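What you see is a predicted model; the values in this text were computed from it and never measured.
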Amino acid sequence: MTRKRMTIDSRTASTVDVSAFRKAMGSFPTGVTIVTVACDDGTMHGVTVNSFSSVSLDPMLVLVCLNETSRAVDLIERARAFGVNVLSAGQQDVSRWFANQHRPPGPAMFDGVPLEPGVTGCPILADAAASFDCRLRQSYHAGDHLIVLGEVVTLIHRPQLEPLIFHAGTYKSLAQESRRGRTKARRFGRDSGVPGQRPHRHAA
C-alpha cells in the first residue's frame, strides 16, 4: 500500500490572527525550562524556553525551539552542546530572570543561581526538577525559530520536586491544579443533584 504525502501550498495565506494563535496555544499547559550553553572561551548563556520535547528513545533525543535571534543559537552551534533544565515549582523567579532582556551577559547572568558544569561543560541548575546534558545533533530553521535537536549524554532527575507549569500566560503548580480538579469533580456523581447520574465504572 502506497502512502500519499500530504503537502500544504505555502502560497495560501493564513487567515489566523497572530494574537489569537498565541492565546489558543496558551491553552496547552507546558513545563518551563532554562536552556544553557557554555563555550571553551568561558562564554555562558541561559534562556527561558517552554518549547521542549522528547523525540526518540534510541538514541535518546530531545528538541528545543529557539528564536532565531537568540544569542543561544550561535553559542550552541559553537559549543556543539546545550543543557535543558526543567524548572521546579519554586523557581518562578529563575524563569523570569532568564527571560529578562536586561539581564547581564556572560557568566554574570548566572550570579546567585546554584549550578554545576555538566559533562559537556554546559551549566546544570542545581534545583531543577530534571536536567538533560546534550550534544548537538542537528538544527533546522522553521519560520522565525530554530529547532535544535540534541542527544542526551547525561541526565539528573529529582522526582521529589514538582515541575513549574505555565498555562494561559501564568505560572501554576500541579498541586494547585489537582485541588481545582478535585473541587470540580465533586460537582458530579451521586451528590451532584443531577437525576439519573451514576458513577461510571471501569472494568478491572
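With salt bridges taken as basic N to acidic carboxylate O contacts below 4.0 Å, none links Asp127 and Arg158.
Contact record, Ile147 with Ala142: CD1-CB, 3.9 Å, taken as the closest heavy-atom pair. Residues Val119 and Thr154 approach most closely at CG2-CG2, 3.5 Å, considering heavy atoms.
No more than 12 heavy atoms of other residues, nucleotides or ligands shown are found within 6.0 angstrom of CE on Met60. Annotation: Arg103, atom CZ; neighbour count of heavy atoms from other residues, nucleotides and ligands within 6.0 Å is above 12. Around the CG atom of Asp17, the shell of radius 6.0 Å holds more than 12 heavy atoms that belong to other residues, nucleotides or ligands.
Ser139 is listed as a side-chain neighbour of Glu77, based on a closest heavy-atom distance under 4.5 Å. Val86 has its side chain within reach of Phe132: a pair of non-hydrogen atoms, C-beta onward, lies under 4.5 Å apart. Contact check for Val148 versus Leu66: side-chain heavy atoms found under the 4.5 Å cut-off. In this structure, the side chains of Val113 and Ile34 stay at 4.5 Å or more apart for every pair of heavy atoms. When side chains are defined from C-beta on, Phe110 counts as touching Phe98, because their heavy atoms get closer than 4.5 Å. Taking 4.5 Å as the limit, every side-chain heavy atom of Cys134 sits out of range of all side-chain heavy atoms of Thr120. Using a 4.5 Å cut-off on side-chain heavy atoms (C-beta onward), Met44 and Thr36 make no contact.
Transitive grouping of hydrophobic side chains (ILVMFWY, heavy atoms separated by less than 4.5 Å) keeps Leu61 and Val153 in distinct clusters. Leu149 and Val35 fall into different hydrophobic clusters, where Ile, Leu, Val, Met, Phe, Trp and Tyr residues are linked whenever their side-chain heavy atoms come under 4.5 Å apart, directly or through other members. Phe82 and Phe52 fall within the same hydrophobic cluster, defined by Ile, Leu, Val, Met, Phe, Trp and Tyr side-chain heavy atoms under 4.5 Å apart, directly or through other members. Ile124 and Val84 end up in different hydrophobic clusters when Ile, Leu, Val, Met, Phe, Trp and Tyr side chains are linked at under 4.5 Å. Leu125 and Val47 are assigned to two separate hydrophobic clusters, defined by single-linkage of ILVMFWY side chains at heavy-atom distances under 4.5 Å.
Taking CD of Glu68 as the start and NE2 of His141 as the end, the distance is 6.5 Å to the nearest 0.5 Å. How far CZ of Arg80 is from CG of Leu136: 4.5 Å, rounded to the nearest 0.5 Å. Taking CD1 of Ile165 as the start and OH of Tyr171 as the end, the distance is 12.0 Å to the nearest 0.5 Å. Atoms CZ and OG1, from Phe166 and Thr48 in turn, are 10.0 Å apart once rounded to the nearest 0.5 Å.
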Exercise. Check the pair Arg78 / Asp40 against side-chain contact (heavy atoms from CB on, under 4.5 Å), numbers first and verdict last.
Key: CA-CA 9 Å; Arg78 281 170 49 191; Asp40 291 339; over 6 Å; no
Exercise. Might you work through the salt bridge (Lys or Arg N to Asp or Glu O under 4.0 Å) test for Glu151 and Arg137, ending with a clear yes or no?
Key: CA-CA 6 Å; Glu151 182 171 358; Arg137 264 296 191 96; 3.2 Å; yes
Exercise. Might you work through the side-chain contact (heavy atoms from CB on, under 4.5 Å) test for Cys122 and Asp133, ending with a clear yes or no?
Key: CA-CA 7 Å; Cys122 295; Asp133 201 4; 4.2 Å; yes
Practice problem: For side-chain contact (heavy atoms from CB on, under 4.5 Å), just list the numbers for Val32 and Leu87, CA-CA rounded to whole Å, side-chain angles, deciding distance to a tenth of an Å, and then say yes or no. | Solution: CA-CA 6 Å; Val32 183; Leu87 296 186; 3.9 Å; yes
Practice problem: Please assess Gln91 against Ser88 for the test side-chain contact (heavy atoms from CB on, under 4.5 Å), listing each intermediate value before the final yes or no. | Solution: CA-CA 6 Å; Gln91 293 185 300; Ser88 57; 3.2 Å; yes
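A donor-acceptor pair is defined here as one N or O able to donate and one able to accept, closer than 3.5 Å; no such pair exists between the side chain of Ser53 and the backbone of Leu63. When atom types are taken as modelled, the side chain of Trp97 and the backbone of Met109 share a donor-acceptor pair closer than 3.5 angstrom.
Looking only at atom types and distance, the side chain of Asn85 has a donor-acceptor partner in the side chain of Ser131 under 3.5 Å away.
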